[in-house]
Amino acid sequence: MEEKELERRLAHKIPGADTGIEVKHSFCSICSPSCHCGIDAYVKDGKLLKVEGTQGHPMNDGLLCTKGAANRAYIYRPDRLRTPLKRAGARGEGRFEPISWEEAYDLIAENLLRLRAESGADSVAFFGGYQKWFRWQLARFAYDFGSVNYGTESSACMTANKMAWTTLTGMNAKMDMKNAKLYVAWGGGNHHSHHLAAKKAENFHRNGGKVIVVDPRNTPLAARTADLHIAVRPGTDGLLANAVAGIILRNGWQDQAYIDKYVHGFDDYAAYVTSLDLQEVSRITTVPVEKIEEMARLMGTVKPMSIEASPISLIHQTNGYQTVRAMFSLSVITGNYDTVGGNQPNIETFAHLGAGYATREEEFIEANTPAGFENRVGAKRFPLWADMVHEMQSLDLARQIHEGTPYPIRGLFALGFNYRIFPDSEYFRAALEKLDFFVTADLFMTDTVKYADVVLPTCSSLEREELKVYPGGFAKYYLPAIAPLYESRSDARILQELAERLDLDDALLRSGYRKCLEYVFEPTGYDLDALIASPLPLKAPCMRPYKPHAYIDGGCKTPTGKLELFSERVKTVGAAAGLDPLPRWYAPSYQPTEEYPFQLLAGVRIPNAIHSHLHKVPWTRSLRPEPMADMNPADARALGIAAGDTIRLVSAFGAITVKANPTALMNQGQICMYHGYSEADVNTLLDRNNVDPYSGFAGYKNGICAVEKL
Ligand SMILES: Nc1nc2c(c(=O)[nH]1)N[C@H]1C(S)=C(S)[C@@H](COP(=O)(O)OP(=O)(O)OC[C@H]3O[C@@H](n4cnc5c(=O)[nH]c(N)nc54)[C@H](O)[C@@H]3O)O[C@H]1N2
Ligand SMILES: Nc1nc2c(c(=O)[nH]1)N[C@H]1C(S)=C(S)[C@@H](COP(=O)(O)OP(=O)(O)OC[C@H]3O[C@@H](n4cnc5c(=O)[nH]c(N)nc54)[C@H](O)[C@@H]3O)O[C@H]1N2
Ligand code: SF4
Ligand SMILES: [Mo]
């Protein structure tokens, strides 16, 4: 009887002394740091049995998304790297021989030091992928080595938004949806990209808040929450925003007292936005005039208003930076910036998150920045980026490897790197072939890893210690739920050990993760041991309540100290490159043609995948077993295409074969194709030179293609 009961408890994975199952507090890092949900990890004999969302966690309160629920399948993927590897075949072939960590470190040290001696430290570039947790240490590592070329995947994600807010206000900004009366979701695909934000939006709507959704597609967010859905033509949002501003000003809905006190450049801005012709705007954006007017009425009269911009869809256009700047300007002219329920200054806390309090992260990163920083990759090509962002613009990396100008890049040291994330990914792949030495750390044997000379196996969030901060003033220091699988080591440990092996002149970095954290978190008042002991995230002792207008009253961190609708910074830095100090709209480069009649939105989020790393997990893959292009049913019918037919997407740069997925989500004339598939990489269809001159961001949502039935 007792045996039966134990069997039952084991089968149901019930924790207890009898079953030997323990519940450990960990977290999911499959998607961006703006989530990183708390996980209850059920562990027996060092093996992860199952995961559940942590109840009461300030981020996810018990919830996990499709991807997070697949954590066990993710970390036990059969292609996990088990040992360090040395390349034994040609680049890309995938033939390796296992080596020890010592041998790997020796090879890395020997080659990096050789390249530095032969071609200078800048000839080695350092790159950090989507896992943002190690970046503060990687940046310092690169600068200690002496290279100015540290960069990240954020050359394709979010940074252009930050640049726009910073141009306007001197800082990045966040929403205060909890206290808003109007929420404007501009190009956000929340239900598929951020289920927790979607839930908040639904609650907001249910509690009587007004919602405007600006999205070409009839997304779940639009269908379930929108009082007004603006199905704008992709790439024309900036024009829409400026036209809305013009209507607000013509009706006197602006907050003139606020503008008089806090704003620089209002007259130039007002002259421009009120000159726009509504009929023309309607024709270009495909939004009816009455809808534009209704949008302006809501934005001009319902207060407070919080605006949220997608971290990508608008800035994956070649006019993206100007577009989001135009949108954020609406917050300023209506007096909604730095107010309760509006958009508020966002203090960058740590690891790409604004938790509401400051740390010494920036100081830590920038302490040892080498001389010649103005020469980093992409700096000459994208002067505004170079002026505002303390990283190389990684979009230019492949070009510099190929062309060797203004100086050669011969080595690449990467943590979590996927060349397929870049436009014209084939060009980047070919660049990897040209490198003298390439080392990367990853969890899996990916297409990119196959090009490395030395491969380091790293571990997942469940296998490492990591301090995470959370919005609202929280932090939690997680310990590993299970030991690192096989011979893998955490990225933080790898950096520490390599700093030692390379004899970098940096006692702090060499003293390890915990010591570095103590330095960075010193001003917060946190006791790191308490952050480990507490099962749930704790509030920062230094956290202060928000005070409206405190920031703008104190003087903004802009050249004039005011909110700059006309940017003196862009005027100074961008004049030679022809950049406009006003958020003036211009059309994105590519428009459909007779040969390529469809607008191609590459990489709009799907619920079951994130970039490259869930396509190979059977659970998540089963929800969308094949690479599929979403298209409007009428478009499909016109081409004789039925659901599941094999089709080819063709552009001037490449072609991929996928399945057709006709869906009412899509408008006519537009195709959505997710990225990250090895077998159908949509980024091979894109033009690497189709970029935003302000930010250097690629036009991922500004491609064109033809569709052929096979
Ligand atoms: N067409 C198109 N392209 C896009 C986008 C798009 O919308 N459309 N989106 C862009 C955006 S927003 C982003 S954020 C990027 C995504 O860019 P990336 O972050 O470069 O994309 P991933 O494919 O996730 O590659 C990350 C790699 O890191 C590995 N990895 C995972 N966890 C760890 C870890 O803890 N340590 C280490 N060392 N490695 C780890 C993964 O296995 C994977 O190989 O793609 C960009 N590219
Ligand atoms: N499941 C899942 N979740 C993810 C990711 C993932 O790959 N999978 N990636 C994570 C990352 S790295 C990021 S950066 C975020 C991205 O998060 P989101 O910004 O929410 O990403 P998307 O869903 O791609 O895009 C949002 C919406 O933008 C619309 N859109 C496209 N072009 C335009 C345009 O020109 N104008 C307007 N107004 N709308 C447009 C699309 O129709 C889509 O509904 O998601 C994160 N979450
Ligand atoms: S993948 Fe899902 S469960 Fe994991 S952190 Fe992101 S939202 Fe949370
Ligand atoms: Mo992203």
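Atoms within each ligand, like the ligands themselves, are counted from 1 in listed order. As the structure is a prediction and not an experimental result, all values here were calculated from the model.
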task: Considering the heavy atoms of Gln317, write down every atom of ligand 2 situated less than 4.0 Å from one of them.
output: 35 (O)

- prompt: Taking atom types as modelled, is there a side-chain donor on Arg135 or Ser154 under 3.5 Å from an acceptor on the other?
  reply: yes

query: Where's the contact between Thr219 and ligand 2, heavy-atom distance under 4.0 Å: side chain, backbone, both or neither?
result: side chain

Atom 40 (C) of ligand 1 [closest protein heavy-atom partner, distance rounded to 0.1 Å]: Leu443 CD1, 3.6 Å

query: For ligand 2, which part of Leu314 has a heavy atom less than 4.0 Å away: the side chain, the backbone, both, or neither?
result: side chain

- prompt: Would the Tyr674 and His615 ring centres measure less than 6.0 Å apart?
  reply: yes

task: In plain terms, say whether Asp79 and Lys616 are close enough for a salt bridge, that is, a side-chain N and a carboxylate O under 4.0 Å apart.
output: no

query: Are Pro607 and ligand 2 in contact, using a heavy-atom cut-off of under 4.0 Å?
result: yes

query: If you measure from each heavy atom of Cys31 to ligand 2, is any distance below 4.0 Å?
result: no

query: What is the nearest protein non-hydrogen atom to atom 47 (N) of ligand 1, stated with its residue, atom name and distance?
result: Ile421 O, 3.0 Å

query: For ligand 1, does Tyr74 get within less than 4.0 Å through its side chain, its backbone, both, or neither, judged by non-hydrogen atoms?
result: side chain

- prompt: Trp186 pairs by side chain to side chain contact (heavy atoms under 4.5 Å, CB included) with which of Thr323, Ile230, Asp237?
  reply: Asp237

Residue Lys701 vicinity, atoms of ligand 1 by number, heavy atom under 4.0 Å: 6 (C), 7 (O), 8 (N)

query: Of Gly676, Pro216, Ser154, Gly320, which has the heavy atom at the shortest distance from atom 39 (N) of ligand 2?
result: Pro216

message: Does the residue Arg420 have a heavy-atom contact with ligand 1, meaning some pair of atoms that are separated by less than 4.0 Å?
response: no

- prompt: Applying a 4.0 Å heavy-atom criterion (strictly less than), which segment of Val232 is in contact with ligand 2: side chain, backbone, both, or neither?
  reply: side chain

statement: At under 4.0 Å between heavy atoms, what of His194 touches ligand 2? The answer is neither

statement: So for Arg464 against ligand 1, with non-hydrogen atoms under 4.0 Å, the contacting part is side chain

field: Close-contact set for ligand 2 against Ser310 heavy atoms, below 4.0 Å
entry: 18 (P), 19 (O)

task: Using distance alone, determine whether Val214 and ligand 2 share an N or O pair under 3.5 Å.
output: yes

field: No-hydrogen, no-angle side-chain donor-acceptor test under 3.5 Å, Gln496 and Tyr513
entry: no

- prompt: When you measure from atom 1 (N) of ligand 1 to every protein heavy atom, which one gives the shortest distance, and what is it?
  reply: Asn683 OD1, 2.5 Å

query: What atoms of ligand 2 come within less than 4.0 Å of a heavy atom belonging to Cys157?
result: 14 (S)

query: Under 4.0 Å from any heavy atom of Thr446, which atoms of ligand 1 are there?
result: 44 (O)

- prompt: Between Trp385 and Phe697, how do the two ring planes meet: parallel, tilted or perpendicular, split at 30° and 60°?
  reply: tilted

- request: Just need the protein heavy atom nearest to atom 23 (O) of ligand 1, so name the residue and atom and give the distance.
  value: Ser612 OG, 2.5 Å

message: Are His613 and Phe444, when compared by the centres of their aromatic rings, separated by less than 6.0 Å?
response: no

query: Going by an N to O cut-off under 4.0 Å, is there a salt bridge joining Asp424 and Arg399?
result: no

- prompt: Taking non-hydrogen atoms only, is Tyr700 closer than 4.0 angstrom to ligand 2 via side chain, backbone, both or neither?
  reply: neither

query: Below 3.5 angstrom, do we get any N/O pair linking Arg217 and ligand 2?
result: yes

- prompt: Would the Tyr596 and Tyr590 ring centres measure less than 6.0 Å apart?
  reply: no

message: Looking at His316 and Tyr700, would you say the former's side chain and the latter's main chain have a donor-acceptor pair under 3.5 Å?
response: no

message: To the closest 0.5 Å, what do you measure between CD (Gln322) and OG (Ser695)?
response: 10.0 Å

Heavy-atom nearest neighbour of atom 16 (C) of ligand 2 within options Ile312, Asp630, Thr620: Ile312

query: What atoms in ligand 2 come closer than 4.0 Å to a heavy atom of Pro234?
result: 34 (C), 35 (O)

Ligand-residue contact atoms, ligand 1 with Asp491, heavy atoms, under 4.0 Å: 34 (C), 35 (O), 36 (N), 37 (C), 38 (N)

task: Name the closest protein heavy atom to atom 15 (C) of ligand 1, giving the residue it belongs to and the distance to 0.1 Å.
output: Glu153 CG, 3.7 Å

- request: Can you pull out the closest protein heavy atom to atom 42 (O) of ligand 1? Residue, atom name and distance to 0.1 Å, please.
  value: Asp442 OD1, 2.7 Å

message: Given Ser313, Ala602, Pro588, Gly188, identify the one with the heavy atom nearest to atom 28 (O) of ligand 2.
response: Ser313

statement: Note: His316, heavy atoms under 4.0 Å from ligand 1, region reported as side chain

message: Considering non-hydrogen atoms of the protein only, which is the closest contact for atom 19 (O) of ligand 1, and what is the distance?
response: Tyr130 CB, 2.4 Å

task: Would you mind telling me if ligand 2 is within reach of the side chain of Ala609, the backbone, both or neither, using heavy atoms under 4.0 Å?
output: backbone

message: For atom 33 (C) of ligand 1, what's the nearest protein heavy-atom neighbour? Residue, atom name and distance, please.
response: Gln131 CG, 3.1 Å

field: Test item: side-chain donor near acceptor, Tyr105 and Glu497, under 3.5 Å
entry: yes

- prompt: Would you say ligand 2 has an N or O under 3.5 Å from any N or O of Asn190?
  reply: no

query: N/O to N/O below 3.5 Å, does that happen between Phe127 and ligand 1?
result: no

field: Distance-only donor-acceptor check, side chains Ser155 and Glu391, under 3.5 Å
entry: no

task: Could you list the residues that satisfy ring-ring contact (aromatic ring centres under 6.0 Å, His included) with Tyr694, not counting sequence neighbours?
output: Tyr321

Phe417: which of Tyr451, Phe428, Phe126 passes ring-ring contact (aromatic ring centres under 6.0 Å, His included): Phe428

message: In this structure, does ligand 2 have an atom that sits under 4.0 Å from one of the heavy atoms of Ile606?
response: yes

- request: Answer side chain, backbone, both or neither: which part of Val604 comes under 4.0 Å from ligand 2, heavy atoms only.
  value: both

- prompt: For ligand 1, which part of Arg605 has a heavy atom less than 4.0 Å away: the side chain, the backbone, both, or neither?
  reply: side chain

message: Can you tell me which portion of Lys67 lies within the under-4.0 Å heavy-atom range of ligand 2? Options are side chain, backbone, both, or neither.
response: side chain

- prompt: Among the heavy atoms of Gly603, does any lie under 4.0 Å from an atom of ligand 2?
  reply: yes

- prompt: Do the charged groups of Lys132 and Glu348 touch, with an N to O distance under 4.0 Å?
  reply: no

- request: Just jot down the ligand 2 atoms closer than 4.0 angstrom to any heavy atom of His192, in number order.
  value: 1 (N), 2 (C), 3 (N)

- request: For Arg429, check salt bridge (charged side-chain N to carboxylate O under 4.0 Å, His left out) against everything at least two apart and list the hits.
  value: Glu426, Glu433

